[in-house]
2 protein chains.
Amino acid sequence: MPKTPSPLSQDADASGTEPKSEKARDRILAVAEEVIAEQGFAGTSLRTIAARADVPVALISYHFGSKLELYRSIFRLRVPTIVGQRQIGLEIARMESDLDRRLELVVRALIVPMLGLRNSGHFGAILAREITEPANVERGIFTEMFDPVARMILTALHECLPDWSKAEIHYAYNTMLGAMMFFMADTGRIARLSDGAADPDRNEEASQHLVAILVAGLRHRAR
Amino acid sequence: MPKTPSPLSQDADASGTEPKSEKARDRILAVAEEVIAEQGFAGTSLRTIAARADVPVALISYHFGSKLELYRSIFRLRVPTIVGQRQIGLEIARMESDLDRRLELVVRALIVPMLGLRNSGHFGAILAREITEPANVERGIFTEMFDPVARMILTALHECLPDWSKAEIHYAYNTMLGAMMFFMADTGRIARLSDGAADPDRNEEASQHLVAILVAGLRHRAR
DNA sequence: CCGCGTCTTGAACAGGTGTTCAATATTATT
DNA sequence: AATAATATTGAACACCTGTTCAAGACGCGG
């Protein structure tokens with residue numbers, strides 16, 4: 001077993017301290033993210049990853065224990081950053097006393113950190129697909145890593161829209177989440193159908209349009 | 001090769017006319033839909049399907065030729081119904097001269113036929129997952145079966161929102177599509193997080209909330 | 001009855017799957 | 001420099017993958 005097979009091998013930006021041998025582990029992780037984003041979890045074989053990372057297959061099992069643990073490691077590496085960004089976004093939103101303006105800030109706190117993923121790596125596609133897989137319930141990744149911050153957003157939404165029912169809040173939240181995931185997971189269809197007029201790869205532009213539509217949608221009863 | 005391996009073995013509600021032997025074929029198709037919805041295309045093995053349908057594996061290859069063709073057969077069976085419902089919804093919408101009211105009808109034509117899938121079978125989950133898989137580009141299912149009706153909806157939207165740019169129309173369309181797919185693919189997370197206050201399985205309720213939010217979102221510049 | 005086209009079956013195929021193991025190489029510690 | 005700890009390697013494991021094939025079962029018009 002490796003020296004640091006356990007959770008906290010990659011908690012922050014601590015780099016350079018770990019032995020040079022970590023290099024192979026990191027390479028595997030990066031390649032795995034890439035390949036799984038392309039082929040999905042079930043559709044990816046460890047040998048494909050091993051070949052592209054230029055390591056023997058056995059080394060993957062050595063560092064991560066199992067295919068599923070390798071998968072979870074990707075989430076352990078990426079999720080904390082996103083969650084942190086969201087939390088800060090929510091804190092900033094809470095400082096705004098005008099509820100109407102605060103609403104927009106909350107929506108931004110939900111959308112912006114995630115749409116940004118499209119420009120930095122392939123994790124967005126993995127995330128968007130994992131949330132639609134029934135098997136995700138067993139894996140427990142979302143329950144464990146995202147449910148807490150999801151509840152924070154739901155609370156923040158409720159504060160902005162005090163006269164909305166619980167059901168309305170949840171339908172609204174999932175409408176936003178779904179739209180966002182869809183843009184994150186897009187494989188070029190949007191650009192193709194629009195001849196490039198709309199393109200999630202231009203994520204600032206996409207974020208602005210998304211936020212504008214969603215915020216307006218959320219105000220439909222507040223006004 | 002079977003008598004009717006080709007496209008048009010199941011075009012309408014014609015039943016009873018084909019030989020009794022069709023029974024096994026239909027059973028395979030139904031079970032495949034179920035299993036693939038649960039485990040995904042790559043995650044499903046033909047032997048799992050065969051076992052649950054109580055037929056030998058070889059029979060699947062005999063009737064459908066290959067795993068991929070079996071998959072496509074599911075779409076060939078289900079998609080025409082949905083597309084047809086959408087087209088009628090669009091025709092009805094076109095009869096409404098008030099653009100503001102027509103907009104709502106167009107959104108309904110997009111949302112309602114699909115959210116209804118949740119109550120009838122497992123196809124919704126398959127659809128929602130297929131659209132997020134990069135491999136779908138090669139398979140060409142969406143390009144072939146959905147792009148045409150997608151363009152019809154885009155045109156209809158543009159007619160309702162004449163002052164919107166092409167980009168805005170496309171961002172709006174995909175926002176709606178994404179939200180819808182998310183509800184279709186939901187695996188219980190929505191109900192769990194909301195303690196049952198929101199639940200895509202109550203699809204009339206869900207449709208109404210979704211349409212309300214999205215229509216309001218689309219009116220944000222029209223007003 | 002036969003013969004014919006359509007289904008069905010079990011066995012086998014060649015190749016791919018994740019994981020394990022003992023042996024070796026590398027690095028860190030004393 | 002010697003020793004212990006950690007990484008890396010290639011081979012092998014048992015099992016599962018989609019597909020093929022020849023042999024048989026079924027229903028039906030002659």
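Below, read A as the first sequence line, B as the second, and so on, with proteins coming before strands; counting in each chain starts at 1.
Side-chain contact check for A:Phe123 versus A:Ile82: some heavy-atom pair is nearer than 4.5 Å. Within the 4.5 Å cutoff, the side chain of A:His63 has no heavy atoms near those of the A:Glu69 side chain.
Atom CG of B:Leu127 sits about 11.0 Å away from atom CZ of B:Arg78, to the nearest 0.5 Å. To the nearest 0.5 Å, atom CZ of residue B:Phe182 and atom CD1 of residue B:Ile190 are 5.5 Å apart.
Using a 4.0 Å cut-off on heavy atoms, the residues of residues 41-50 of chain A that approach DNA chain C are A:Thr44, A:Ser45, A:Leu46, A:Arg47, listed by number.
With rounding to whole Å, A:Ile60 atom CD1 is found 12 Å from D:dT8 atom P. Nucleotide D:dT19 holds its P atom 14 Å from the CG atom of B:Leu59, rounded to whole Å. Separating the CZ atom of A:Arg25 from the P atom of D:dT6 is a distance of 14 Å, rounded to the nearest angstrom. When rounded to the nearest whole Å, the span between CZ of A:Phe64 and C1' of C:dG18 equals 15 Å. Here the C1' atom of nucleotide C:dC7 and the CZ atom of B:Arg27 are 12 Å apart, to the nearest Å. In this structure, B:Lys23 atom NZ and D:dC26 atom P are separated by 15 Å, rounded to whole Å. Rounding to whole angstrom units, CG of residue A:Leu70 and P of C:dT17 are separated by 15 Å.
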Q.
With side-chain contact (heavy atoms from CB on, under 4.5 Å) as the criterion, how do B:Leu110 and B:Val106 come out once you've worked through the C-alpha distance, each side chain's angles and the decisive distance to 0.1 Å?
A. CA-CA 6 Å; B:Leu110 174 66; B:Val106 171; 5.9 Å; no

Q) Going through the checks in order, is the side-chain contact (heavy atoms from CB on, under 4.5 Å) test met by B:Leu177 and A:Arg189? A) CA-CA 12 Å; B:Leu177 201 61; A:Arg189 187 171 190 257; 3.8 Å; yes

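Heavy-atom neighbours of A:Glu205 CD from other residues, nucleotides or ligands within 6.0 Å: above the threshold of 12.
For A:His63, a side-chain nitrogen or oxygen approaches OP1 or OP2 of D:dT8 to under 4.0 Å.
Stretches of at least 3 consecutive Watson-Crick or G-U wobble pairs, with each checked distance under 3.5 Å, appear in DNA chain D as C:3-6 with D:25-28, C:8-29 with D:2-23.
Distance from the side chain of A:Ser66 is smallest to C:dT19 among C:dT9, D:dT19, C:dT19. In the set C:dT8, C:dT9, D:dA7, D:dA7 carries the atom at the smallest distance from any side-chain atom of A:Tyr62. When each of C:dT9, C:dT19, D:dT9 is scored by its nearest atom to the side-chain atoms of A:Val55, the top-ranked nucleotide is D:dT9. Closest approach to the A:Lys67 side chain among C:dG10, D:dT9, C:dG18 is made by C:dG18 (side chain taken as heavy atoms from C-beta onward).
In this pair, B:His209 and A:Tyr171 present their aromatic rings parallel. The plane angle is below 30°, not in the 30 to 60° band.
A:Phe75 does not carry A:Arg139 over the face of its six-membered ring by the limits of under 6.0 Å from the centre and within 45° of the normal.
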